[in-house]
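I have placed the structure first, in the form of structure tokens, so that the comments after it can refer back to it.
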Amino acid sequence: MFLFNRFLHSIIRFVLVSVMTLAMVFGWSAIAHSQLPSLPTAASNDPHKPPSGVTRLGMYEIASVYSPLDRSLLFEIVSPTVFNRSQPPDGSLPVEVRAEEITQRLMRALARTNKAKQTPLISIAILNQDLILQLSDDRTTRPLRLVTVTEPDADYHGKTLEELAQEWQKILQAEVERINRLFSHQVLWQRIGQALQISIGLVLGSVVLWLLRRTLIRKQTALQVRHQEQIAAVKQGVVKRSEGETSTTIHTIETSEKKTDADTIADGRSQFLETIRRQFSLKRQLGIYSLLRWLLFWAFILMWYIGIVVIIYRVPYLMRWWTDAVARPLALLSYLVFHQSCYSDRQNLN
């Protein structure tokens, strides 16, 4: 039974690690979209190499622009390669700086969209002979410049400047309409109500799991008491059986009543084996209760993890952090499970 429990725990641990690994692999783009700060490395500190989030393709460097609402990918921008970021050429703007400027303008567009009475419009204009995309709303008289469409952008995407500007215009207009819809009073209060319902469900689910855990602990404690009593009975039976065999041997030598002595010994052995069988049955039940308590604990963690992620994703004011909420706990949990597995393996080897 002990080996079976170890095998079952190993299988469950392997499944958890596999699921977390797959989730992290498929969610790597989500981690990148959330723009998590990366640890300093030799490559990121090297001015001759592109920073994290920038892809270098020959004379071009590519960076992504994300939604200010939920960090989903909008489009990719391109700038000429900067081979030494400590001394950039005059008039050259690194692509990550350009992406950050566009992101900040989109954050301003988000604020303007929330204040506007009507849905703002994204239009194409010309500024200093460059095609730009700008946002116009009914609360301000001056449009907000969002993106400048450059020749490297068009060359990388294989389109003319006008075609690329129209494509980005549709993307940004759809994003503005989505922001305007999600922050409308009706949708906003509806989603807040859904978040409250999920929170109440999490609390009720936690109470149910807590009651189940208390019931399991009570039953496990009662079984442990019975298990200890069985152990004591086995030890006492062994002593009595040994004494009985000794006295029976003496009695057999003296009286030669072999048949009665054989029956007595058989009865003692039968009772001993029955006690051993019950003891192993109790150990099996204790192992099952321990496994159920372990499963209840992880069910509690998983329930709150999924609930919090769903709440963050449903509430528009929190949507920008939902990928961070998905990625970081998975990374931490995978790290802890992996090290716990390594520690258990070392303990088994010792």
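On a predicted model such as this, the values are computed, not experimentally measured, just so you know. Basis for what follows: all heavy atoms, side chains included, without hydrogens, waters or symmetry-related copies.
A donor-acceptor contact shorter than 3.5 Å is absent between the side chain of Arg71 and the backbone of Asp324. Here the side chain of Arg98 pairs a donor or acceptor atom with the backbone of Val78 at under 3.5 angstrom. The closest donor-acceptor contact from the side chain of Asp138 to the backbone of Gln118 lies under 3.5 Å. Ser64 places no side-chain N or O within 3.5 Å of a backbone atom of Glu76 that could act as its donor or acceptor partner.
Looking at heavy atoms from C-beta onward, Thr113 lies in side-chain contact with Leu135 at the 4.5 angstrom threshold. A heavy-atom distance below 4.5 Å is not found between the side chains of Asp153 and Phe75. Considering only heavy atoms from C-beta on, Ser79 stays 4.5 Å or farther from Leu93 through its side chain. Within the 4.5 Å cutoff, no side-chain heavy atoms of Lys115 are placed close to those of Thr140. Within the 4.5 Å cutoff, the side chain of Tyr156 has no heavy atoms near those of the Leu164 side chain. With a 4.5 Å cut-off on side-chain heavy atoms, Glu61 and Phe83 do not count as touching. Contact of the Val149 side chain with the Lys159 side chain is not registered, since no non-hydrogen atoms from C-beta on lie closer than 4.5 Å.
Heavy-atom minimum distance, Ile122 versus Gln169: O-NE2, 2.8 Å. Across all non-hydrogen atoms, the minimal contact from Pro316 to Leu182 is CG-O, 3.5 Å. A pairwise comparison of heavy atoms in Val176 and Pro120 identifies CG1-O, 3.7 Å as the closest pair. Contact detail for Leu202 and Met303: the closest heavy-atom pair is CD2-O, 3.4 Å. Residue Ser86 comes nearest to Pro47 through the heavy atom pair N-CB, 3.8 Å, listed as atom of the first residue, atom of the second, then distance. A pairwise comparison of heavy atoms in Leu110 and Pro68 identifies CD2-O, 4.1 Å as the closest pair.
Between the CD atom of Glu167 and the CG atom of Leu133 there is a distance of 11.0 Å, given to the nearest 0.5 Å. In this structure, CD1 in Ile102 is found 9.0 Å from CG in Leu172, a value given to the nearest 0.5 Å. Note that the CG atom of Leu216 and the CZ atom of Arg218 stand 9.5 Å from one another [nearest 0.5 Å]. From Gln194, atom CD reaches atom CD1 of Ile198 across 7.0 Å, with rounding to the nearest 0.5 Å. The CD1 atom of Ile311 lies 9.0 Å from the CG atom of Leu318; values are rounded to the nearest 0.5 Å. The structure places CZ of Arg314 at 12.0 Å from CD1 of Ile192, a figure rounded to the nearest 0.5 Å.
Leu209 and Ile288 fall within a single hydrophobic cluster, where Ile, Leu, Val, Met, Phe, Trp and Tyr side chains are chained together by heavy-atom contacts under 4.5 Å. Placement of Tyr66 and Met107 in two distinct hydrophobic clusters is found when ILVMFWY residues are connected by side-chain heavy-atom separations under 4.5 Å, directly or transitively. In this structure, Leu296 is a member of the same hydrophobic cluster as Trp304, with clusters built from ILVMFWY side-chain heavy atoms closer than 4.5 Å. Leu106 and Met319 are not part of a single hydrophobic cluster, where members link through side-chain heavy atoms under 4.5 Å apart. Follow the hydrophobic side-chain contacts under 4.5 Å out from Leu144 and you reach Trp168 in the same cluster.
Partners of Tyr305 according to the side-chain contact (heavy atoms from CB on, under 4.5 Å) rule, which considers only residues two or more places apart in sequence or in another chain, are Leu302, Val309, Val326, Pro329, Leu330. In this view, Arg293 satisfies the salt bridge (Lys or Arg N to Asp or Glu O under 4.0 Å) rule with no residue, not counting sequence neighbours.
Just one residue in the list Arg108, Glu100, Glu101 forms a side chain to side chain donor-acceptor pair (under 3.5 Å) with Gln104, and that residue is Glu100.
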Where do Arg178 and Asp70 land on the side-chain contact (heavy atoms from CB on, under 4.5 Å) test, with the steps shown first?
-> CA-CA 11 Å; Arg178 186 167 74 109; Asp70 58 0; 3.2 Å; yes

Please report the C-alpha distance between Ile132 and Ile124 in whole Å, then the side-chain angles of each, then the deciding distance to 0.1 Å, and finally whether the side-chain contact (heavy atoms from CB on, under 4.5 Å) criterion is met.
-> CA-CA 6 Å; Ile132 66 169; Ile124 301 175; over 6 Å; no

Evaluate the criterion side-chain contact (heavy atoms from CB on, under 4.5 Å) for residue pair Val95 and Ile62; output intermediate values, then yes/no.
-> CA-CA 7 Å; Val95 69; Ile62 302 98; 6.0 Å; no

For salt bridge (charged side-chain N to carboxylate O under 4.0 Å, His left out), just list the numbers for Asp130 and Arg145, CA-CA rounded to whole Å, side-chain angles, deciding distance to a tenth of an Å, and then say yes or no.
-> CA-CA 12 Å; Asp130 293 328; Arg145 180 167 61 93; over 6 Å; no

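Annotation: Arg85, atom CZ; neighbour count of heavy atoms from other residues, nucleotides and ligands within 6.0 Å is above 12. Within 6.0 Å of the CG atom in Leu204, the count of heavy atoms belonging to other residues, nucleotides or ligands exceeds 12.
In summary, the side chains of Asn180 and Thr119 do present a donor paired with an acceptor at a separation below 3.5 Å, with no hydrogens or angles considered.
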